Enquirer: 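One structure coming up, written as structure tokens, with questions to follow.
The structure presented is a predicted model; accordingly, all values stated were derived computationally and were not measured. Below, chain A is the first sequence line, B the second, and so on; all start at residue 1.
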Amino acid sequence: MIKVTALQNHFLIPLDDFTQNPDCNFRGREQECVSLIKKCKSLEEFKQAHAQTLKLGIFWSSFVASNLVATCALSNWGSMDYACSIFRQIEEPGSFAFNHMIRGHVKDMNLEQALQVFDEMLECGVEPDNFTYPTLLKACANLPALKEGKQVHGHSVKLGFGDDLFVQNSLVNMYGKCGEISLSCAVFDKMVQRSVASWSALIAAHASLGMWGKCLEIFRGMSSEGCWRAEESILVNVVSACTHLGALDLGRCTHGSLLRTMSGLNVVVETSLMDMYVKCGSLNKGLFLFQRMIEKNQMSYGVMISGLAMHGQGREALKLFNEMLEQGLKPDDVAYVGVLSACSHAGLVEEGLKYFGRMKLEHEVVPTVQHYGCIVDLLGRVGKLKEAYELIKIISIEPNEVLWRTLLNACRVHQNVAIGEVAARELSLSDSGNAGDYVVLSNLYAQSHSWRDVAKTRKEMMCKGFIQTPGFSLVEMKRKVYRFVSQDVSFPKCDGIYEMIHQMEWQLKFEGYSPDTSVVLHDVDEGEKRRRLSSHSQKLAIAFALIHSSQGSPIRIVRNIRMCSDCHTYTKLISSIYDREITVRDRNQFHHFKDGTCSCRDCG
DNA sequence: GTAGGGTTAG
């Protein structure tokens, strides 16, 4: 219990004025009391203030009591248990007190309890107001609870808050977090008035679902509607979108906006920028940012380590990993994926296995299928296919299709038909087998001149009705991202592109290039195979970039799937014929094509 | 009578 008398001399002296000043009316006392309550800096102080209100008899004003609840529920030092005990003493709590109880629970992430308080509010006959719904919708968003969210939505419309800006913004967010992006857009589209928060919620909703192109589209819409205020949280999502789409120019431009509007960039923003530069192919700029970061954490190191690995700089990645340890930072599972892939890109088998051991023993990171994938890749790259296969057989977790696919690819490179067949069989038995696997197996057979097996593989693929995942390539031109799909003729100025392709092929012929039609498994004649091969998305993207960019400037391409061996050979030659540096990011790594060679040392 | 919505990195 609080000893009221003992506290009087220490705190809230002005409250004593109430008793000594007969002129002070009750309303004024309430106001002053509330302003003192709001000034509390700790729960201890607050308890004293609470005690004072009781002693002075002013607690029984629901205005004062509600403000005690509000302050205690929302302050950093607050306590919902304490707020609740005060709330229970209010005879007839109004919407203000209920709203704050809901907010307090949401703040503490006790979301179910927040919804329970709302039920209680309705049972007590207290009408929710425009402040109730945004908080309630936040609870539904974070649970996430779509059914409840929809009910709250209906309720808010029924009570006439359907047009409230705050309610609508919360709905955009709630539907987004519940994965109902179309409902999120529907609410947004119907809004008569929008604020930065409306755009922010819509962009974040699309970002959380990985709809990066849409993110940029919305961002452009935001600027063109004049609602353009560079906000860190929005720009970070834009930077992420640039990273995923490989849009380096727009990424650079967003970096500029951040520098202009913010007085300093925090570690989150800097890490996302660094990742953007690295993954958009500008490793040096990423390193430059990293070296100048004042605060570096586990994640910033993780990004840079895997970035270096991705760009084929395995030894540098390992150096950075050791620096991370020297800094006293504990590497996590992602940092280790970076380290192990660094070892595999650099062909450091012994080191890789050593790090894999340390990971488990020293840093207590439980190996995931990704780590095993790196080890299989590591062993596979140097031709230790038997060891890689043995590893897959003994691991404690269920091997997934990525492991078998990695092994299969390694078998193609090192021409091991026996193990390759095992891997291909495992893939065909799993639901996730795809046409690409048959292409690799068929290539493996073709290399060993087993033409009968090539035909058998092709037939099997056809029987299973496998359709090759449509490959696409993205290329950025004047801050817009263009998407090319294999065999696609729907893009603008396609005539120009096909003319360019034709011209490129002429040049390639002089360099001794002949199309490797073995990668086309469709049962079509040789001429059609050549035609299909020449309109692979990467070639279309290169043709487009050659037409629309200035001579000598680098070309950057982002792909969704690995490139076929024909595209790899083709791009190497184009880089030398047209004297262009061509960077291609695929699912796993970067390929830097320059003067007719590739940084992956043809191991990709 | 008081208060509120969106808020970020691999």
Enquirer: Among residues 83-99 of chain A, which contact DNA chain B at a heavy-atom distance under 4.0 Å?
Expert: A:Phe96, A:Asn99
Enquirer: Is it the case that atom CZ in A:Arg220 sees more than 12 heavy atoms from other parts of the structure closer than 6.0 Å?
Expert: yes
Enquirer: Which nucleotide in the set B:dA3, B:dG10, B:dG4 lies at the smallest distance from any side-chain heavy atom of A:His100?
Expert: B:dA3
Enquirer: Rounding to an integer number of Å, can you tell me how far A:Ile37 CD1 sits from B:dG1 P?
Expert: 18 Å
Enquirer: May I ask you to verify whether the side chain of A:Thr271 and the base of B:dA9 hold a donor-acceptor pair under 3.5 Å?
Expert: yes
Enquirer: Which ones in residues 132-142 of chain A lie close to DNA chain B, meaning a heavy atom under 4.0 Å from one of its atoms?
Expert: A:Pro134, A:Lys138
Enquirer: Mind listing the residues from residues 165-186 of chain A sitting with a heavy atom below 4.0 Å of DNA chain B? Number order is fine.
Expert: A:Leu165, A:Phe166, A:Asn169, A:Ser170, A:Asn173, A:Lys177
Enquirer: Between A:Phe356 and A:Arg358, is there a cation-pi geometry (under 6.0 Å to ring centre, at most 45° from the normal)?
Expert: no
Enquirer: In whole Å, what is the span from the CD1 atom of A:Ile102 to the P atom of B:dA3?
Expert: 17 Å
Enquirer: Does NZ or CZ of A:Arg194 come closer than 6.0 Å to the centre of the six-membered ring of A:Phe188, within 45° of the ring's axis?
Expert: yes
Enquirer: When the distance from CD of A:Glu295 to C1' of B:dA9 is rounded to whole Å, what number comes out?
Expert: 12 Å
Enquirer: So if I take residues 147-163 of chain A and measure heavy-atom distances to DNA chain B, which residues fall below 4.0 Å?
Expert: none
Enquirer: Rounded to whole Å, please give me the gap between CG in A:Leu68 and P in B:dA3.
Expert: 16 Å
Enquirer: Provide the full list of side-chain hydrogen bond (donor to acceptor under 3.5 Å, both in side chains) pairs with a residue in residues 273-283 of chain A, sequence neighbours left out, each pair given once.
Expert: A:His255-A:Tyr277, A:Asp275-A:Lys279
Enquirer: Would you call A:Glu45 and A:Lys41 a salt bridge, taking side-chain N to carboxylate O under 4.0 Å as the test?
Expert: no
Enquirer: Give a yes or no on whether a donor-acceptor pair under 3.5 Å exists between the nucleobase atoms of B:dG1, that is its base, and the side chain of A:Gln31.
Expert: yes
Enquirer: For A:Phe290, run the side-chain contact (heavy atoms from CB on, under 4.5 Å) check against A:Leu308, A:Leu320, A:Thr271, A:Val278 and tell me which one passes.
Expert: A:Leu320
Enquirer: Calculate the interatomic distance between A:Phe290 atom CZ and B:dG10 atom C1'; express it in whole Å.
Expert: 12 Å
Enquirer: For the base of B:dT2, is there a side-chain donor-acceptor partner from A:Asn67 under 3.5 Å away?
Expert: yes
Enquirer: Please enumerate all residues that pass salt bridge (Lys or Arg N to Asp or Glu O under 4.0 Å) together with A:Glu44, with sequence neighbours excluded.
Expert: none
Enquirer: With sequence neighbours left out, write down each residue that passes salt bridge (Lys or Arg N to Asp or Glu O under 4.0 Å) with A:Glu323, or none if nothing qualifies.
Expert: none
Enquirer: Tell me if the centroids of the rings in A:His153 and A:Tyr133 come within less than 6.0 Å of each other.
Expert: no
Enquirer: Given B:dT7, B:dA3, B:dG10, which nucleotide is nearest the side-chain atoms of A:Lys279?
Expert: B:dG10
Enquirer: Roughly how many Å is it from CG in A:Leu289 to P in B:dG10, rounded to a whole number?
Expert: 15 Å
Enquirer: Check salt bridge (Lys or Arg N to Asp or Glu O under 4.0 Å) between A:Glu217 and all other residues, then give those that pass, not counting sequence neighbours.
Expert: A:Lys214
Enquirer: Can you name the side chain to side chain donor-acceptor pair (under 3.5 Å) partners of A:Asp129, sequence neighbours left out?
Expert: A:Ser95, A:Asn99, A:Thr132
Enquirer: Of all the nucleotides listed (B:dA9, B:dG10, B:dG5), which has the minimum atom distance to the side chain of A:Ala197?
Expert: B:dG5
Enquirer: What pairs with A:Cys374 under side chain to side chain contact (heavy atoms under 4.5 Å, CB included), at least two apart in sequence or on another chain?
Expert: A:Val337, A:Leu340, A:Ser341
Enquirer: Could you note down all residue pairs passing salt bridge (Lys or Arg N to Asp or Glu O under 4.0 Å) where residues 72-93 of chain A supplies at least one of them, sequence neighbours left out?
Expert: A:Arg88-A:Glu120
Enquirer: Rounded to the nearest angstrom, tell me the gap between atom CG in A:Leu235 and atom P in B:dT7.
Expert: 15 Å
Enquirer: If you only use heavy atoms from C-beta on, which nucleotide in B:dA9, B:dT2, B:dT8 is closest to the side chain of A:Phe63?
Expert: B:dT2
Enquirer: ring-ring contact (aromatic ring centres under 6.0 Å, His included), that's the test. Do A:Tyr301 and A:Phe321 meet it? Break it down for me.
Expert: CA-CA 8 Å; A:Tyr301 270 98; A:Phe321 178 72; 9.3 Å; no
Enquirer: Considering only B:dT8, B:dG5, B:dG10, which nucleotide approaches the side chain of A:Val236 most closely?
Expert: B:dT8
Enquirer: Looking for any heavy atom pair under 4.0 Å, which part of the strands does A:Ala335 touch: base, sugar-phosphate only, or nothing?
Expert: base
Enquirer: Between atom CZ in A:Phe219 and atom P in B:dT8, what is the gap in whole Å?
Expert: 17 Å
Enquirer: Test of understanding: with salt bridge (Lys or Arg N to Asp or Glu O under 4.0 Å), list the residues that count as partners of A:Lys319, not counting sequence neighbours.
Expert: A:Glu316
Enquirer: Would you indicate what A:Ser272 reaches in the nucleic acid, counting non-hydrogen atoms under 4.0 angstrom: base, sugar-phosphate, or nothing?
Expert: sugar-phosphate
Enquirer: Do the side-chain N or O atoms of A:Arg103 get closer than 4.0 angstrom to the phosphate oxygens (OP1, OP2) of B:dG4?
Expert: yes
